[in-house]
Amino acid sequence: MTADSLSRIFAALADPTRRDMVARLSAGDATVNQLAEPYQMTLQAVYKHLKVLEDAGVVSRPPGPQPRPVRLEAEVFDLMDKWIERYRRQAEERYRRLDAVLARMNDETPNDTEEQKGSAA
């Protein structure tokens, strides 16, 4: 997967209508008419959204006569997950190192209440 294809996937999923379509397709294949039902838009607009999702590889429609089912391509999510996971692990490691530094600093700092008790005596 190239950076360009990953960009197309994320761009396709940036639109809330397309994310909703993907969420609905996660339950099973659907025809374009079934996908269009809940939206206050023309069928042409629904086809435009599907074209963006298809071009990004998020969904597919097999060749053949209408009505053709729209299918979610789960492999795309595996690729996205690998990309996200890599950066999540890096961020978690950075936070673990920061936690360790803060813990060492906390151990090295004298307890303020003990200092106050000693100076008051």
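Every value quoted in this text rests on a predicted model; they were computed, and no experiment measured them. Count residues from 1 along the sequence.
In the hydrophobic cluster analysis, where Ile, Leu, Val, Met, Phe, Trp and Tyr join through side-chain heavy atoms closer than 4.5 angstrom, Leu72 is grouped together with Ile84.
Side-chain atoms of Arg24 come within 3.5 Å of backbone N or O of Leu35 as a donor-acceptor pair. Remark: side-chain polar atoms of Arg61 are not paired, donor with acceptor, to backbone N or O of Pro69 under 3.5 angstrom.
Taking the side chain as every heavy atom from C-beta outward, Glu75 and Leu79 never approach each other to under 4.5 Å. Val58 is not listed as a side-chain neighbour of Arg8, based on a closest heavy-atom distance of 4.5 Å or more. In this structure, Val59 and Glu73 have side chains that are not in contact, with every pair of non-hydrogen atoms separated by 4.5 Å or more. The side-chain heavy atoms of Thr31 and Arg68, taken from C-beta on, include no pair separated by under 4.5 Å. Contact annotation: the side chain of Gln34 never approaches that of Val70 to less than 4.5 Å [non-hydrogen atoms, C-beta and beyond].
Across Val76 and Gly57, no two heavy atoms sit closer than the pair CG2-O, 2.8 Å. Nearest approach of Leu43 to Ala36, heavy atoms of both residues: CD1-CB, 3.7 Å.
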| request: Output, in order, the C-alpha distance, side-chain angles, deciding distance and verdict of side-chain contact (heavy atoms from CB on, under 4.5 Å) for Gln90 and Arg86. | output: CA-CA 6 Å; Gln90 287 177 0; Arg86 180 176 71 195; 4.2 Å; yes
| said: Determine whether Thr42 and Tyr47 satisfy the following criterion, side-chain contact (heavy atoms from CB on, under 4.5 Å), listing intermediate values before the conclusion. | reply: CA-CA 9 Å; Thr42 66; Tyr47 273 107; over 6 Å; no
| Derivation of the side-chain contact (heavy atoms from CB on, under 4.5 Å) call for Val52 and His49 | CA-CA 5 Å; Val52 172; His49 281 296; 5.9 Å; no
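Here the CG-CD distance, from Asn33 to Gln66, works out to 8.5 Å after rounding to the nearest 0.5 Å. Atom CG in Leu25 sits 7.5 Å away from atom CG in Leu50 (nearest 0.5 Å). How far CG of Asp99 is from CG of Asn106: 11.5 Å, rounded to the nearest 0.5 Å.
Contacts classified as ring-ring contact (aromatic ring centres under 6.0 Å, His included) and involving residues 60-85 (residues at least two apart or in different chains) are given here: Phe10-Trp83, Trp83-Tyr87.
Under the side chain to side chain donor-acceptor pair (under 3.5 Å) criterion, Asp78 pairs with no residue at all, not counting sequence neighbours. Every residue two or more places apart in sequence or in another chain that forms a salt bridge (charged side-chain N to carboxylate O under 4.0 Å, His left out) with Arg96 is listed here: Glu93. Partners of Arg18 under the salt bridge (charged side-chain N to carboxylate O under 4.0 Å, His left out) rule, at least two apart in sequence or in another chain, do not exist in this structure. Taking Glu85 as the reference, Arg88, Arg89 meet the salt bridge (charged side-chain N to carboxylate O under 4.0 Å, His left out) condition, with sequence neighbours excluded. With sequence neighbours excluded, no residue satisfies salt bridge (charged side-chain N to carboxylate O under 4.0 Å, His left out) with Asp81.
Between Arg19 and Asp15, none of the side-chain N atoms (NZ, or NE/NH1/NH2) sits under 4.0 Å from a carboxylate O, so this pair counts as no salt bridge.
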